[in-house]
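Quick notes on the structure that follows.
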Amino acid sequence: MRSQRFLLGSGPLFMAKADFSVELNGPQLEAVTALEGPVLIIAGAGSGKTRVITYRIARMLERGIPQQAILALTFTNKAAHEMERRVRELSPGKPLRNLTVSTFHAFGVRILREDIEALGGPEQDPGEAVRPRYRKNFSIYDETDRTELIKESLRECRVSTEGVDLYKLGQLFSDVKTGRLRWGEGANSEFRHIYEEYQYGLQVYNALDFDDLLVLPIKLFEENPGVLEKYHRRYRYIMVDEFQDTSLIQYRLLRMLAWGTAEPKQASALAGAAVPNVCVVGDDDQSIYSWRGANYENLLMFEQDFPGVLEIKLEQNYRSTTTILEAANGVISNNSNRKEKTLWSGNSGGKPVEFFQSDTEREEAESIAGNIHRMRFREGRAWGDFGILVRTNSLMETIEEALLAENIPYRVSGGTSFFQRKEIKDLLSYLRVVANPRDDVNLLRIINTPRRGIGKTAITRISETARKNHSSIWEALERLNYARRHAGGQSSLFGAEDQEKNELEAFMALIESQRSLMLGSGSLSAKVRDLVDKIDYWSYLVSEFRKNEKTAKWKYLNIERLIQAIQDWEKDEDTGDSGLYAYLNRVSLITRDDGDDEAGKGKVNLMTIHAAKGLEFPVVFIAGAEEGIIPHERSLEAGEGSIEEERRLFYVAITRARDKLSISSCRRRKRFRPGQNAPAEGITETAPSPFLAEIPPHLLEYGKEENDDELEEAEALELTGRMMRTFGLTESS
DNA sequence: CGTCTCCAGGTTTTT
DNA sequence: CCTGGAGACG
C-alpha cells in the first residue's frame, strides 16, 4: 500500500528506476525490469507476485510500449479485474482501453468474434448435407446450456438419459475436446456418436462451449497463418499469471501467439531468431486446478520451448508471520515432486495457529462469527480484515446464516453466480436469441416463458422439422412461415391449431422486432427494460409464484438489478462498445459471483479456497477442516496425485493469512451422502482433517469453545468500540 | 394438449 | 432448501 502512495506522489508518468528499486527487493526488481525475452518467475506465496506483474506493465507503459502490444492473461475474471485495477492505480489518469488484461477464455472470445468466420467448415463425409459454419454472433454455452444440449443429443441418438451422469458425460466431452483423452484411450467410445451429435448441435446453433473458446482459436491459427500473424504482431509483450494452472491447450495457444507459428520452433531453427517477450509467473505449490486440465509441467515445457529463459525466484514472503509460514511449509513439505524453493519471512514470530472443534456446523459458524466480533473490538480490526475460507460452496450457507444473525456485514464470492438465477437466465436467453436466433438451447428456454401456449408437442414437431433440414429451430420456423404464406395460408406444418400458429407467429414477430431494435442504436438498458415490459415478465412471475408473492418480488428485484447493472456498464467510461454483442460477450463468461469490488469493501469475505487464490487477509478462518472435506472424498476417488493437490489447496488456504490463522472443524455434520457411521439421518461423525497433523504441533493452539460469558464480554467490547468512535478515536487501521 | 402438483434427489473446486 | 421431472388433471 505504502509503495503505491510513494509512486503516486513521485510523478506517475515518469517513474524513475530509483522508484522501483526502493519499492522492490533484488529479484523483484530483476523481474520487473527484464522486459525483453522469455522470463520464468517462480513466485512463492505472498512474495509479491501480482505486484511484480503490475509494475512490469506500468514500466512497459512508461517505456513507451503501446498498450495494444501488451497482453496479460489470468485464470479468473476476478484476477483479471484486480490486475487491471492495480495497473490503473499505477498509471492514474491514463485511459487503459487498449491494454488487454483478460482470462484465457475471454481472450479466445475476442479472437473468435473477430475472425471465426475464417474458420473452415467441419470435416464432412462426401455427400453429407452441407453443415453450417460458425458466425460472429455465436452464443456461448455455459455448463447449464451444455447439459441441455447433451440431453438433446442423447434424445436424438435414442439413448435414454436414465442412468447417465450428465455431469460426467460433460466432463468426458471436455476431456476429448481438449485432447486430454482420446476415444478408446481413456474415453469410452460408447459415447462417441453422442459427442458427435453434440458437436453437430453446437454448429447448427452457432454456439460454442467453454472449451471451444480455446480450441477454436488454435484451429483458426493452424488453418490461417495470416490470422495468427496478425495477433502475433500485435501482442509483442505477453504475461501469464498463475502459470501453474495453465492447461495444455492454453499453453499451446500462448506458444503460438508468442512465436507466431503453429508448431513449436525447433532448436535448430531458433538460432538468431528473436525470442519472444513472454513472461510467465507461477508457483507449483499453488497448482490447484489440475482437475481442469492444469498441468504444471508446463513450467518445464516453457524452458524447452523458449530457450534462454531468465529464471527468477521470488522466495521472500512479505505476507505472513513466521508462524503461519512454518505451518504452511510443514504441510506442503509432505508433497513430493516440488520445484525446489525456500520461502522465508522477514516478519518474525506471530500468534499461534488456532484450532477449535465444535459439535455441529451451526456452532462452528457461530464461533467464527463470535471470534470476528471479539477480534474486531479487541484488536481494532475492520470487517474487511477477515477472510473465511471453505472447501466447497455448500459449506458457505451455515456460515452466512451465522454472519447474518450476528449482524456482520459480509460478501460472498464464489457462490453460484447471479447470472445463473433462473429469472436472469430467462432474460439473458432473450438477449442471446435476439443476438443469435439460431441458438436453440436459449430459444427453447424462452419459447414458452412467459407461457404463451406453445407446448411440448408443438415444440417436438418443430424440432423434428428442423432436424430434417439440418437447421436450427428458428430457421425451421422461418421456412414454415414462408411456405405457409406461399401456400396461401394453407399449411399443415404449423399444426392444426390456429391458435398455436398464431402464438408461434407472435413469438417470431417479437424476436424479429427486438432484433432490429436491439441491434440499432440507443441505450441497451432502456431496450432491455422495454423488453421486460413487453413480455410482461412481472405478470408471469406473479402467476408462477401465486402462493409465494415474496419470491416473485425477489425475482423481479433481480431483474431490476440486472437492468441497473447494464446501465452502470453502459455508463462506465472504460466500456468502449456498449452494444448487445459486447454485453453478451462480457456476461457469458461470468460463471461465478465475484462480489462487487466496491460494495464489498469493508465487509467480511466468505469464499471457497479456490476463489481465494491470489488474495490475502490479516485474519483467516478455515472452516470445515475435516476428513472428507479437505481432502475432499470425491477428489480422492480420482486417485493418484489428488491427495497432493488437496494438500496444495490447504497450503493455499493457510498462506492467505497475514497475522492470524484459525482453523476449525466439527464433530458432526449434516451430509447428503452419509458415511458409514451415521448416528442420525443424514448426520455424519467427522474427524479433523489429517492435514492438521502436518502442522508442527508447537505452532498450534487449541482454542477453547465459546461460552455465554464470552459473548457478554464481546458485547461489552462493542460498547467500548462505540464509545471510542463517539470520541473520534479510530477503531481500525 | 398444456399446466399444476408432488416427490425425489443433490455439484469439489471454475471458465 | 430448491430444482427438475413425472404423472394427474382440466
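Letters A, B, ... mirror the listed sequences (proteins, then strands); counts begin at 1.
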Practice problem: Rounded to the nearest angstrom, tell me the gap between atom CG in A/Leu166 and atom C1' in B/dG9. | Solution: 14 Å

Quiz prompt | 5' priority, DNA chain B, between A/Phe75 and A/His632 [closest heavy atom] | solution = A/His632

Self-check item: SB check A/Lys49 A/Glu242 (cutoff 4.0 Å)
Solution: yes

Quiz item: Between B/dT3, B/dT12, B/dT13, which nucleotide has the shortest distance from any of its atoms to the side chain of A/His610?
Solution: B/dT13

Quiz prompt | Separation of the C1' atoms in B/dT12 and B/dA8, to the nearest angstrom | solution = 23 Å

Quiz prompt | Nucleotide nearest A/Arg451 when distance is taken to its side chain, options B/dC1, B/dT14, B/dT3 | solution = B/dT3

Quiz item: Are the side chain of A/Asn137 and the backbone of A/Ala435 linked by a donor-acceptor contact shorter than 3.5 Å?
Solution: yes

Self-check item: Distance below 4.0 Å between A/Lys78 side-chain N/O and B/dT15 OP1 or OP2
Solution: no

Quiz item: Does A/Asp211 pair with A/Lys177 as a salt bridge, N-O distance under 4.0 Å?
Solution: no

Exercise. With the side chain of A/Thr457 defined as its heavy atoms from C-beta on, choose the nearest nucleotide among B/dT13, B/dC1, B/dT15.
Key: B/dC1

Practice problem: Apply side chain to side chain contact (heavy atoms under 4.5 Å, CB included) to A/Phe138 and A/Tyr205, showing your working. | Solution: CA-CA 8 Å; A/Phe138 58 81; A/Tyr205 308 155; over 6 Å; no

Practice problem: Check every strand shown and say whether A/Phe104 touches a base, only sugar-phosphate, or nothing at a heavy-atom separation below 4.0 Å. | Solution: nothing

Self-check item: Side-chain N or O of A/Arg452 closer than 4.0 Å to phosphate OP1/OP2 of B/dG2
Solution: no

Self-check item: Stacking check A/Trp291 vs B/dT13 (5.5 Å / 30 deg)
Solution: yes

Exercise. Find the distance A/Asn77:CG to B/dT15:C1' and express it as a whole number of Å.
Key: 8 Å

Quiz item: With a 4.0 Å cut-off, would you call A/Asp115 and A/Lys136 a salt bridge?
Solution: no

Quiz prompt | Whole angstrom value for the distance that separates C1' of B/dT13 from OH of A/Tyr651 | solution = 19 Å

Practice problem: Respond yes when some side-chain nitrogen or oxygen of A/Ser394 is under 4.0 Å from OP1 or OP2 of B/dT11, and no when none is. | Solution: no

Self-check item: d(CD, A/Glu633; P, B/dT12) in whole Å
Solution: 9 Å

Practice problem: Among B/dT13, B/dC1, B/dT15, find the nucleotide with the atom closest to the side chain of A/His105. | Solution: B/dT15

Quiz item: 5'-most contact on DNA chain C: A/Glu397 or A/Lys422, nearest heavy atom basis?
Solution: A/Glu397

Exercise. Would you mind reading off the distance between A/Ile288 atom CD1 and B/dT14 atom P, rounded to a whole angstrom?
Key: 9 Å

Quiz item: Looking across every strand, which nucleic acid part, if any, lies under 4.0 Å from A/Lys151 by heavy atom: base, sugar-phosphate, or nothing?
Solution: sugar-phosphate

Practice problem: Would you kindly give the CZ-to-C1' distance between A/Arg421 and C/dT3, to the nearest whole Å? | Solution: 14 Å

Quiz prompt | Atom-pair distance (CG on A/Asn393; P on B/dT12), nearest Å | solution = 10 Å

Quiz item: Backbone N or O of A/Gly170 within a donor-acceptor pair of the A/Arg146 side chain at under 3.5 Å?
Solution: yes

Practice problem: Output the single nucleotide from B/dT13, B/dT15, B/dT3 whose closest atom is nearest the side chain of A/Thr392. | Solution: B/dT13

Exercise. Nearest whole angstrom, please: distance from the P of C/dG5 to the CD of A/Glu152.
Key: 14 Å

